[in-house]
Student: 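Below you'll find the structure I mean.
Numbers here are sequence positions counted from 1. Order of listing sets the numbers, starting from 1, for every ligand and every atom in it.
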Amino acid sequence: MELSALKTKVYIKEALKDERLRDAVDKATQTAIKKRADKVQQIPYWEELRHKAHAVKRQVMENLDTYLETFEQRCQDNGVVVHWAEDAQEAQQIIRKIARANNVKTVVKSKSLTTEEIHLNKFLIENDIETLETDLGEYIVQLLDEIPSHLTAPALHLTRKDVGRVFHEKLGVYYTEEPTELLTIARQKLREKFLAADMGISGANFAIAESGSVVIVENEANARLTVGLPRVHVAVLGIEKLLPSFRELPVSLKLLPVSATGQKQTVYVNIISSPLRQLTGEGPEQVHVVLLDNGRSKILADPQLRETLFCIRCGACLNACPIYQQVGGHAYGWVYMGPIGITLIPQFLGDMEGRYAPYVSSLCGACYHACPVRINIPHHLLKLRNEIVESGHTMKVEKIGIKMWAFLAKHPRLYRFATWFPGKLQKLHPKPFPAPGYTKERALGTFDSKGFRKRFYEMQKGKKS
Ligand code: SF4
């Protein structure tokens, strides 16, 4: 599935017409909101945790170079090979090189948005390496040749019936919509692949600088099997994932599951610090870490927008967003979606390709209130909108409108006429004027026959008398 952020308006229109999709997304997000709220209520120091996480992330971003160097050094001390990738292409080449050097034919992956960002599956499959997603949601969207529609629930846009149909059509199994049966089918298919895989690829939720460790939280144990069974493991992580030490980890481990799935704690917390096979006789023989920049340094250089790198990909802002609730994740046209996605799209893809994204928001602020690390998303969206206007990438009709308004504002007589005339015209035609596109979905008000200026002067007079 090839999506483009430039087509977001088309995707939104399509999504709004799709009742089944809207129903599935609405149900899933409302359930997630409720579960999260229930858990938050049980944690009296929730706001304190949010402030703490924000402060830790700020401190990490301000000293990221030092933490990255420490992380690299500790990894090397532990026998982990560290690779630096400036962009997606470099990351792909590094992983291909590791695969070739180890004669890798099959790869199992655990859920990783960073590998989605670099289109790793497509690249590996094109290079004759069988690549299989093992998180249940990711497995389903891979069968459909789609990308995830949510940061933590990749198949959130699908119902049980949809999943039953996908399994029936793609795996040739009998149709069922029973969750336990669907789970058993997926488990049987995936177990064979885990046992046969030469290489495991994961992302990371956090990376600990002080010890050179990668932390992956999960519920399904697929990450555990991805890390533990194949002889080679590769963890791909964005450079912003660092935490100074294990002391800062508990705050994140508390905030993430509550915000993501409404759980007090995830079922598994995997910590990878070294290739274990030499020590214990099991686990990977080699561990590689690919540190991905892919535009993050540029974001880091902006003192305000670097806050968007604080994101721990919990998905709470997506669930809270009234727009996401209506259209789901594919409508945004890129791997990061929802409120945080629309801040990242122009920053990663540039003002040209990402010019529509920051406008897919009502700026209601629900995302900011839901965010466990207190990222002020509406504030950043305003800055990004400003940058898009400055770079000249706004719509023609908007540019013409603003130019006309600026011209009128500099010519008071014309301005007065332009604001007086529609009111008079409205008297002759008492119904709302047609506005193509706008009035298709909603009513346009009528022009006031007096106009703002007249009313304003009348008010002033009234105050004085
Ligand atoms: S911006 Fe905040 S709420 Fe949204 S995914 Fe990131 S951490 Fe979660």
Student: With a 3.5 Å cut-off and no angle check, do the side chains of Gln347 and Thr308 form a donor-acceptor pair?
Tutor: yes

Student: Whether the side chain of Asn222 engages the backbone of Ser110 through a donor-acceptor N/O pair (distance < 3.5 Å, no angle test) should be reported.
Tutor: no

Student: When you check the side-chain N and O atoms of Glu72 and Trp84, is any donor under 3.5 Å from an acceptor?
Tutor: yes

Student: Using salt bridge (charged side-chain N to carboxylate O under 4.0 Å, His left out) as the criterion, list what pairs up with Asp77, not counting sequence neighbours.
Tutor: Arg74

Student: Report the residues that fulfil salt bridge (charged side-chain N to carboxylate O under 4.0 Å, His left out) with Arg191, sequence neighbours left out, ordered by chain and then residue number.
Tutor: none

Student: Can you sort out the partners of Asn294 under side chain to side chain contact (heavy atoms under 4.5 Å, CB included), two or more places apart, ordered by chain and number?
Tutor: Asp87, Ala88, Glu117, Ile118, Leu292, Arg296

Student: At distances under 2.8 Å, what protein N, O or S atoms surround atom 6 (Fe) of ligand 1?
Tutor: Cys311 SG

